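Chain letters run A, B, ... following the sequence lines, proteins first, then strands; residues in each count from 1. Note that the structure is predicted; figures quoted are calculated from it, not measured.
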Amino acid sequence: MAKFITKRLLYSVLILFFVMFLIYVLMYNMPMSFVETKARELASRPGATKSYTEWLADLNAQYGMDKGVVQGYFVWLHSAVRGDWGDSWVWTIPVIEKFNDTVWYSFVLGLVSFIFEILIAIPLGITAAKKQYSFTDYFTTVVAMVSISLPTFFLATLLKYVFAVKLGWVDLTGMQGRDYQFLSTFGKFLDLAKHFVLPAVTLTVVGIGSLMRYTRTNMLEVLNSDYIRTARAKGVPEKKVIGKHAFRNTLIPLVTMLGGSLPGLFSGALITETLFGIRGIGYASYNSMTQADIPFIMFYLAFISVLTLLGNLISDLLYAAVDPRVRLS
Amino acid sequence: MASYNLNEILKQKAGKTEKTGSVGLDDVSRVKVLSPGRQVFKRFMRNRLAVFGSGLLILMFVFSFLGPLFYPYGQKEIFYKYDTQNVNYALAKEITSYTGYKLSSDITVPRTVTTSINSMAKKLIAADGDGALLVADDDAFLLNRINDDVFNLSSVATRKVASVGSGSALVGTYDMIDDTITFNGQKIDGLLEALKADFNRAGGEFTFEGVTYAYEKDVAKSYNIYSEMNGVVMYDTDLPASFEGAFEKAAGSKAYSFVVSGKTYFLVESTNGYDAYFVSGEKAAMVFTRLTFNAISSDVKISDELKANTLTHIMDGTSFKVDGNSYVVAESEGLMILKDENGGEIAELSQFSVRRYTGEDSIEYDLKKEIEELVLTMAETGAKSETLVYNIPLQDESGLYTYDEEGNLKYSEAELVITRRDTGEYVINCDQIIYLIDMFSPASKEHILGTDGDGFDVLARVMYGGRISLMVGFVVVFLEIILGVIMGGLAGYYGGWVDNLIMRMVDIFYCLPSLPIMIILGAMMDSLRMDTYIRLMIMMATLGILGWAGVARMVRGQILSLREQEFMVAAEATGIRVKDRIFRHLIPNVMPQLIVIATMGMGSVILTESTLSFLGLGVKHPLATWGTIINSVSSATAMAHYQHIWIPVGLLICLTVIAFNFVGDGLRDAYDPKSKR
């Protein structure tokens, strides 16, 4: 087991190394005019803390943009490994600080919708599989398909239109109400929660489909397996067959998949956060991306890559941990 | 080539048996065998959702690819409409300020002089003076009152003849270091030399040109010079005896000029009194007036030269020549009229001006008179607003006059509303036809889905948008498949280090966050102002490159299991080339999975593309895609009012993606009935 984890970890680090290299090459090849224009814009902003040349000098020191690709990559890697990610251009504070400010909003948003996804999708998926080709099954399939096919931005706009414009229940964008400053602590919490409703609904609806289909497929597979047939033949009550034999076995791939998506909760929802004005990491990184904030973008891309690799690792380990039949080697 | 179609063989056999007449129970012709393709088709058709999806897709394709052929509008066609708009037609006011016209181009009048004319003219009228002297740094100008409306400005040579004053006044400051005097008012030549001739650091007095000056230390190395004056100081010796008294009297009454024994002297304020000047050599420079020229026939343009000459001859009633034509100003019925040599009336000079709001003088004389009359009664009664119906020249959408076939102006009756402004001006409003871009028009017979913010027909945009969206889907998926099949095929067939290398690449590409990368690329291309078609190509290529990993992984997995099968052993044994073994024997066996993956992929590519376009980072204006159409009305206000644009388009995206997914699902079930949906 320990050997397997070590191997996988080393392997992940290797992949990360190359992924980061590709990302670095992309950044390195950004047309200099683009970077320079953006740096100029930043320097001419009211309250700019650094001048145009200072920004560029910082960039070169941090990212080795003035050196060759490979050499520059190691310059950056050297400072990145030590946790020195530089100052964000757009937010004008250290990248790590901005990350700490934003990531928890994203995590809460992700976690809430993740829980709702699980609560809705898994029971529905199991019901659909139990009654294959029934109306419920078709209904679930269609709902799952719509959920997968619904563009996030369209759903978000639709929700905003209905609940913010037509009904006026919530604000159009933003995280806080107008009178946020005058509310008590609990009031602040409620206000914040109210603003998180629509984004959470959006994420849940968009995410439900694939989980539902996954559950249904796996449940069907289990239901068609020999031991279920044996259990039924033995005369085990259907309730017990489904609840004990089938469901537990369906849980194996489900836990693997869900465990694997846990790190993704930190990655933020780029489009949803941007459209609803939730100042999470997705919103921050979207604004950084459109404004050539190289330090923040590099950090965000590295962060996402780490999360992806971590997710794969976790699901591999869980696969072995949950299913005793699997031997890691 | 021999046919391997089982049905054909069976038929042939059946043909043979038919000749014998009877069909046995166990006869092969009783067995209907479907080809694999038809079997798949049959299974596919049994799946209602898949059939629904295919129908939807066919509809989508017909709509986006054939629709534009029959739809009359293009995607970049801008629509306009006519509308009436209440515009500011004219402005009427009584002119109280004086406008200058140049009489001579040789003389430049300093700005300090021209800007002081207005107040000086009013002061002259109030004091009932005939003229005043204006002294600029080195030049002097004489402002002559011809009448209250017209003033003449001439450049003159001056001679200071006397000064009058009382008490002491600061003349200037002497700076020892620079050795200069900064004068407080009029510059006095020779004062510096007079001061330095008998200079005392502690301060003192000296006399210059009959005036006594005192100086005292102000700050270090700087002295204030005061002139002490009590009574009149004469500079000219040959002045008549009565001069002094007349001068003092004029200064006391703050007059601008006085006459002594037939000679006119002008007063100019000095630091502590007045200076008297004698002027000579008048050269006419400018003429100032508060009259305006109301052209009687609107097609005559009155040049500034004619205006200036008219004004100088306004009182004498003689005729004058400008550009070879002779003119005369005459008064008739209380109006000043400019006439040409034949007595034709050209313009009326009046203090009341009615102009188009743009400032141009193109209003008919009769209308001007009517407006003037109305405004005067308004001023009397104190009414705030009046209405006047008049035939005014018809204007087209761009504000130009319209003409009929014979070249005459077209007229239309219009209601002119005259309103008094707080500034004392009168503004005249009327409705005018304007021609504007038909933005956000609601659904109508011409535009079934209305128009968008750029005046484009939404339905046409939706059709063309569908073309691009679907095409992007095809191209990207095609790229993905090509790359994925080559890489996956190589990895699966060769195994070993090739497999290892390619699969590590797949891992890396799996790990690359594609949406952030696309957003960065989009922002970059935005700032480079890249051509929208090139952007489209780059976007498709990038999406393809970022997406091949999944295909490669699937192909490799399939090939790994396929290559162990007997037919591959046979292929190897018969010595078929490696290339053919991969691409003719292995890949066709992966085809079903490829088709499924491609169909599903199409949906997700369309989603990605529309998301990027929605963010404004994908396909750009004026090219339409479904994402950009929604983006054009995604602002809070547009979203609330133009739901007839974005909701149908959003649903269209959704339906297309659903259709692709349904078809993909159906195909997978049909190809492999054992696998679970």
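A 6.0 Å sphere centred on CZ of A:F17 holds more than 12 heavy atoms belonging to other residues, nucleotides or ligands. Within 6.0 Å of atom CZ in B:F52, 12 or fewer heavy atoms from other residues, nucleotides or ligands are found, so the atom counts as exposed in its surroundings.
The aromatic rings of B:W646 and A:F154 lie perpendicular to each other, with more than 60° between the two planes, well past the 30° mark.
Taking CG of A:L14 as the start and CD1 of B:I508 as the end, the distance is 7.0 Å to the nearest 0.5 Å. Rounding to the nearest 0.5 Å places SG of B:C511 at 10.0 Å from CG of A:L22. With values rounded to the nearest 0.5 angstrom, A:L155 atom CG is found 9.0 Å from B:C654 atom SG. To the nearest 0.5 Å, atoms CG (B:L521) and CG (A:L26) are separated by 6.0 Å.
Proximity to chain B (any heavy atom under 4.5 Å) is restricted, for A:M27, to the side chain, taken from C-beta onward. With a 4.5 Å cut-off on non-hydrogen atoms, B:I630 touches chain A through its side chain but not through its backbone. Of the two parts of A:I148, the backbone and the side chain both hold a non-hydrogen atom closer than 4.5 Å to a non-hydrogen atom of chain B. For B:F662, the parts lying under 4.5 angstrom from a heavy atom of chain A are both the backbone and the side chain. Contacts of A:L158 with chain B are made by both backbone and side-chain atoms, with heavy-atom separations under 4.5 Å. Only the side chain of B:M600 has a heavy atom closer than 4.5 Å to any heavy atom of chain A. Of the atoms belonging to A:V165, it is side-chain heavy atoms, and not backbone ones, that fall under 4.5 Å from chain B. When heavy atoms are compared at a cutoff of 4.5 Å, B:L655 does not approach chain A at all. A:L150 touches chain B through backbone and side chain together, each having a heavy atom under 4.5 Å away. Both the backbone and the side chain of B:I647 come within less than 4.5 Å of a heavy atom in chain A.
Between B:Q643 and A:Y161, the closest heavy-atom pair is NE2-OH, 2.6 Å. Here the closest non-hydrogen pair linking A:Y300 and B:P516 is CE2-CG, 4.2 Å.
A side chain to side chain contact (heavy atoms under 4.5 Å, CB included) with A:P151 is found for exactly one of B:L607, B:V657, B:I606, namely B:L607.
Among A:V142, A:I15, A:T308, the residue making the largest number of heavy-atom pairs under 4.5 Å with chain B is A:I15. Between chain B and the residues A:I23, A:L16, A:V19, A:L307, the most heavy-atom pairs under 4.5 angstrom are made by A:V19. Most heavy-atom pairs under 4.5 Å with chain A, from the set B:T608, B:D526, B:T656, B:L615: that is B:L615.
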Next item on the list: Give the intermediate values and the outcome of side chain to side chain contact (heavy atoms under 4.5 Å, CB included) for residues A:M289 and B:L617.
Entry: CA-CA 11 Å; A:M289 281 172 202; B:L617 299 166; over 6 Å; no
Item checked: B:L49 and A:M145: CA distance, side-chain angles, deciding distance, side chain to side chain contact (heavy atoms under 4.5 Å, CB included) verdict -> CA-CA 11 Å; B:L49 289 179; A:M145 276 300 187; over 6 Å; no
Notebook entry, point to check: What's the verdict on side chain to side chain contact (heavy atoms under 4.5 Å, CB included) for A:I271 and B:L515, showing C-alpha distance, side-chain angles and the deciding distance?
Noted result: CA-CA 10 Å; A:I271 291 159; B:L515 188 62; 3.7 Å; yes
Notebook entry, point to check: Does the pair A:F153 and B:S610 meet the rule for a side chain to side chain contact (heavy atoms under 4.5 Å, CB included), with working shown?
Noted result: CA-CA 9 Å; A:F153 67 89; B:S610 60; 3.7 Å; yes
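In this structure, the side chains of A:L270 and B:I519 come closer than 4.5 Å at one or more pairs of heavy atoms. B:I520 places a side-chain heavy atom less than 4.5 Å from the side chain of A:L301. A:F18 has its side chain out of reach of B:R504: every pair of non-hydrogen atoms, C-beta onward, lies at least 4.5 Å apart.
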